[in-house]
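The structure appears right after this line, and notes come after that.
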Amino acid sequence: MRFSRMLLPTLKESPSDAGVISQNLMMRSGMIRKVAAGIYNLLPLGLRVITRVENIVREEMNRAGAQEVSMPVVIPAELWKESHRWDEYGKELLRLRDRHGREFCLGPTHEEVVTDMVRREVRSYRELPVNIYQIQTKFRDEIRPRFGLMRGREFTMKDAYSFHATDECAEREYRNMHDAYCRIFERCGLEFRAVEAETGNIGGRFSHEFMVLAETGEDAIASCSACSYAANTERAEIRQPDETASIHAPKPIETVSTPGKKSVEEVSAFLKIAPSRLIKTLIYDTDKGVAAALVAGNYDLNEMKLTRALDAAWVKLSDEDTVKKTSNAPIGFAGPVGLKADIWADYSVKGMVNGVTGANSADAHLINVCEGRDFKAQFADLRVVAAGDACPRCKGTLEIHRGIEVGHIFKLGTKYSEAMSATFLDAAGKERPFIMGCYGIGVGRTAAASIEQNHDDLGIIWPRPLAPFSCEVVPVNVADEGTRKAAEGLYESLNASGIETLLDDRDERAGVKFKDADLIGIPVRVTIGERNLKQGLVEIKERRAKEARLVKVEEAAATVAGLLKQA
RNA sequence: CGGGGCGUAGCGCAGCCUGGUAGCGCACCUGCUUUGGGAGCAGGGUGUCGGAGGUUCGAAUCCUCUCGCCCCGACCA
């Protein structure tokens, strides 16, 4: 491709609305342009990268035995009503009507459509298992789209769905997909972790997220320094601490005045006591009634864990009225002592001696509160994991990293097949619902994540498998006949040997071309200038390297090929 | 949905407070010079000042409404 003929509008200045590096560099390198909030045009350079990712995904999915299909973007409401998600999914589901007033939605994911497809066509266990996937545009009406392709409303996703006769078969496929995903992200040159995750409103029994490690990631993951345990912090468990005797001797409980001191920070500063000695008491409404949850002041409560501990369908922080009714005090002064509610406590509260809690009356706290002596609670792992917490699987400790979720695999079970009566006949002639799995990859997000991991001050540094071109040829001065001829010759021989090459044949100054080359980040650059050419030499530089090397013109193509063969 | 901010040339911004000829840098076009890290000189074009209504002799500027976008929060595969 010739730069002069390509729609490749690079930007010297950063766009004012770029929130993360990948968005900034995608805009500046002319890969994407915004059309509306969370909706983008992919320009030629951007599409090339996306296509690279798609092809890697496609190859590995096919290799893993999945079959590619294409399902509609516009989906009739009735399918979503069958699964009950028409009501459950919320405003992220963009709904619309056709000219007859019939209801449709734009597909944010395709469990319903694929389940409908399979239930129509598959009758017997003999036809199972099947794994069906597509690489397709999805639409989710995100509350707050941001960060370019990282969290758009319209985006490209690979979504796969598998159908099985038995649980063992479904789990085998889950592992198969896990391995395929690892191959995909390895081939993309990404540093990633597969972590245990929450299933959210896709539903299902268990799931893993594939997280690309990056400071700008929107998710936090906990991983063990000693073993392979890794989980989203939404889910990460904490090993129950060993019982240790308190170094404090229990003192008699006392009420102290704490006017207007509601938050942990305010109370701990006012009483000059470490936040870890405070017991935070949170009042929750749940489908099982009002419950109190306790956690040490230096930790956060994890509502998912509380929900599981209570065996509740949902929990929600209570409003002011309920808090007043339950604790006889405004928000900020609740405590477990004498509280009339179901009390659950995190292990961080276990064995607490001489702690501080709300007094269940306005502007007062209790000091020297001892767990067991002054109140009783049911204990569970209820808090959000923090760095240094004990690994649930071994004796190691957990580290916290930030990550970008690029893939997510779910073992769904029969949630959709039961709701939608999608069944097959087993060997005994008995009708059974399909056991399902689903497996997603954010294609644009994967490209964005790659930039987050591979860039420097000057621009993108594409790993070879995702690079829009493999090699860029830069004639320093196209006005010079010899330079131009050498560049054209090299361009042709590189292309002829199957190396996709960008020739910067623009009549621009060298500095402009070098800046653009660094910005766009093509792995190998060949610079052809008059001075070196007089000695029959050209300069070859890898984007990631500091130094360039000089080689003979005749050897340039072979040298480039050699560099590209290395990983 | 709550809080905050921004819409002025293709991009980045000033002007608005205190109403009076719409500006700067980059980009773009022409010519000459220049040609290894975002060139120099000269000349040139560029705007519904986001939109609608209002106040005023006069509105980018003040007021009202509205649309779009960004940030923080709530929410979320």
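Values below: all heavy atoms of this structure, side chains included; hydrogens, waters and symmetry mates excluded. Sequence lines set the chain letters: A, B, ... in the order given, protein chains first and strands last, and positions in each chain run from 1.
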Sugar-phosphate only, base, or nothing, as touched by A:E539 at under 4.0 Å among non-hydrogen atoms: base

Pairwise 5' ranking along RNA chain B for A:K515 and A:P145, keeping only the more 5' one: A:K515

Closest to side chain of A:D518, choosing from B:G37, B:C1, B:C69: B:G37

Nucleotide of B:C69, B:G36, B:C76 approaching A:A510 most closely (side-chain heavy atoms): B:G36

B:G5 versus B:C63 - spacing of their P atoms, nearest Å: 14 Å

Given B:C70, B:G12, B:C76, the nucleotide with the shortest approach to the side chain of A:K34: B:C70

Any N/O donor-acceptor pair, A:R525 side-chain to B:G37 base, under 3.5 Å: yes

Mutual orientation of the aromatic rings belonging to A:Y181 and A:F210 [parallel < 30°, tilted 30-60°, perpendicular > 60°]: tilted

Spacing of the C1' atoms in B:G20 and B:A27 (rounded, Å): 32 Å

Touch class at under 4.0 angstrom, heavy-atom based, for A:K91 against every strand present: nothing

Nearest listed nucleotide, side chain of A:A36, among B:A74, B:C13, B:C69: B:C69

Donor-acceptor pair present, A:E508 side chain and B:G37 base, under 3.5 Å: no

Gap in Å between the two C1' atoms, one belonging to B:C71 and one to B:U56, rounded: 36 Å

A:R95 charged N/C atom sitting above A:W80 aromatic ring, 6.0 Å / 45°: no

